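Heads up: the structure comes next, in structure tokens.
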Amino acid sequence: MKTIKGPGIFLAQFMGDEAPFNSLKSICEWAASLGFKGVQIPSWETRLINLQQAAESQTYADEIKGIVNAAGLEITELSTHLQGQLVAVNPAFSEMFDGFAPEQYRNNLNARTEWAVSQLKYAARASRNLGLNACATFSGALLWAPAMYPWPQRPAGLVEAGFAELARRWTPILNEFDANGIDLCYEIHPGEDLHDGASYERFLEAAGNHSRACLLYDPSHFVLQCLDYLQYIDIYHERIKAFHVKDAEFNPTGRSGVYGGYQAWIDRPGRFRSLGDGQVDFKSVFSKLTQYDFAGWAVMEWECCMKHPEDGAREGAPFIKDHIIRVTEKAFDDFAGAATDEAFNKRILGI
């Protein structure tokens with residue numbers, strides 16, 4: 001077994017216009033001061049990284065890695081969530097997602113999609129140049145808006161056609177990740193066509209069971225769906241290659257449940273919380289991932305509608321550290337072991 005690496009922190013929610021949150025050097029120094037050991041870098045954040053340059057220049061990639069290492073940290077993964085979202089967008093959401101792309105690609109669905117695909121391919125090469133093993137992303141969604149709930153009744157073949165198209169768009173990207181030796185880890189998330197185990201399996205089948213179509217495990221999204229997030233690890237552990245440590249709670253009422261009634265996060269029955277403030281059984285989560293030999297990073301993703309982000313970060317590093325299980329190098333009952341003796345074993349068995 002391997003000891004999970006960490007604690008790491010996803011930097012996306014902490015970026016800002018003022019120091020220490022406005023440059024790679026200063027935010028890494030801030031994260032290290034709190035006890036974090038790794039950073040997950042949002043690849044769309046140009047104040048942290050130029051993704052194309054990291055893909056095309058080993059020298060530049062080494063410079064980025066050097067800045068992170070100088071703070072005593074490692075890069076855990078690159079995140080391509082925003083670009084991944086734009087690989088597949090239903091027209092109903094197109095304008096709302098325009099802000100995820102540079103201005104020159106807005107109001108042009110085809111050009112925006114091509115840009116997103118190129119970004120993912122850059123991420124594959126940049127990840128290789130940075131010496132990484134995995135990359136985090138979203139799948140995007142063609143079916144979520146019109147077909148998430150089966151009313152009106154779905155036309156025959158609609159779901160199959162949606163996943164066939166999703167796989168068609170992602171297969172060249174997955175092939176690029178494979179060529180660079182990187183696992184592409186889809187965060188299973190509401191709003192994505194890959195939002196639970198069943199939808200992931202549909203995609204995997206449509207993509208020919210691609211070896212690089214892996215998973216980012218985040219139990220918070222399963223709490224909000226009332227999905228068994230521990231059994232999920234039992235089922236999909238071989239595909240889990242990245243891990244977001246994020247807490248959540250679900251408290252349904254007589255007025256609102258899973259769908260949330262269009263309410264703000266503070267009023268929804270299901271909402272994300274800072275680590276330790278929600279309902280996720282992280283002792284069991286870390287135990288199961290350790291049991292199945294997960295060798296990646298435990299990365300805090302902070303999202304909370306109440307607590308200040310800096311407090312969430314300050315509390316998050318020791319929370320993760322205290323949950324990481326340092327694996328044993330020997331069995332607890334070795335002291336009572338006996339030497340191997342074939343003849344002795346046969347006498348015990350009566351053979």
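Below, each value reflects all heavy atoms present in this structure, side chains not excepted, and no hydrogens, waters or symmetry copies. Not measured: the values here are computed from a predicted model.
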Taking [atom1] in [X] as the centre, count heavy atoms belonging to other residues, nucleotides or ligands within less than 6.0 Å. Is the count above 12?
X    : atom1 : result
E95  : CD    : no
E18  : CD    : no
K307 : NZ    : yes

From the list L48, I41, I49, side-chain contact (heavy atoms from CB on, under 4.5 Å) with E45 holds only for L48

Identify whether the distance between the nearest side-chain nitrogen and carboxylate oxygen of [X] and [Y] falls below 4.0 Å.
X    : Y    : value
E165 : R168 : yes
K37  : E74  : no
E342 : K346 : yes

Quick check: [Y] with [X] (ring centres under 6.0 Å apart)?
X    : Y    : result
F294 : Y217 : no
W144 : F93  : no
F222 : Y232 : yes

Return the orientation label for the [X] and [Y] ring planes: parallel under 30°, perpendicular over 60°, tilted otherwise.
X    : Y    : result
H189 : H221 : tilted
H323 : F286 : tilted
W44  : H81  : perpendicular

When rounded to the nearest 0.5 angstrom, what is the spacing between [atom1] in [X] and [atom2] in [Y]?
X    : Y    : atom1 : atom2 : answer
N22  : D17  : CG    : CG    : 7.5 Å
E192 : S199 : CD    : OG    : 10.0 Å
R212 : K241 : CZ    : NZ    : 9.0 Å
N180 : K121 : CG    : NZ    : 11.5 Å

Backbone of [Y] reached by a side-chain donor or acceptor of [X] within 3.5 Å:
X    : Y    : value
S94  : P91  : no
W170 : S139 : yes
R112 : Y105 : no

Margin query: salt bridge (Lys or Arg N to Asp or Glu O under 4.0 Å) for E310 and R314? Distances and angles first, verdict last.
Written below: CA-CA 6 Å; E310 292 180 42; R314 176 177 49 80; over 6 Å; no

Original post:
Of Q58, E56, E176, which is the lone residue that meets side-chain hydrogen bond (donor to acceptor under 3.5 Å, both in side chains) with R125?
Top reply: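 So the option named by the test is E176.
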
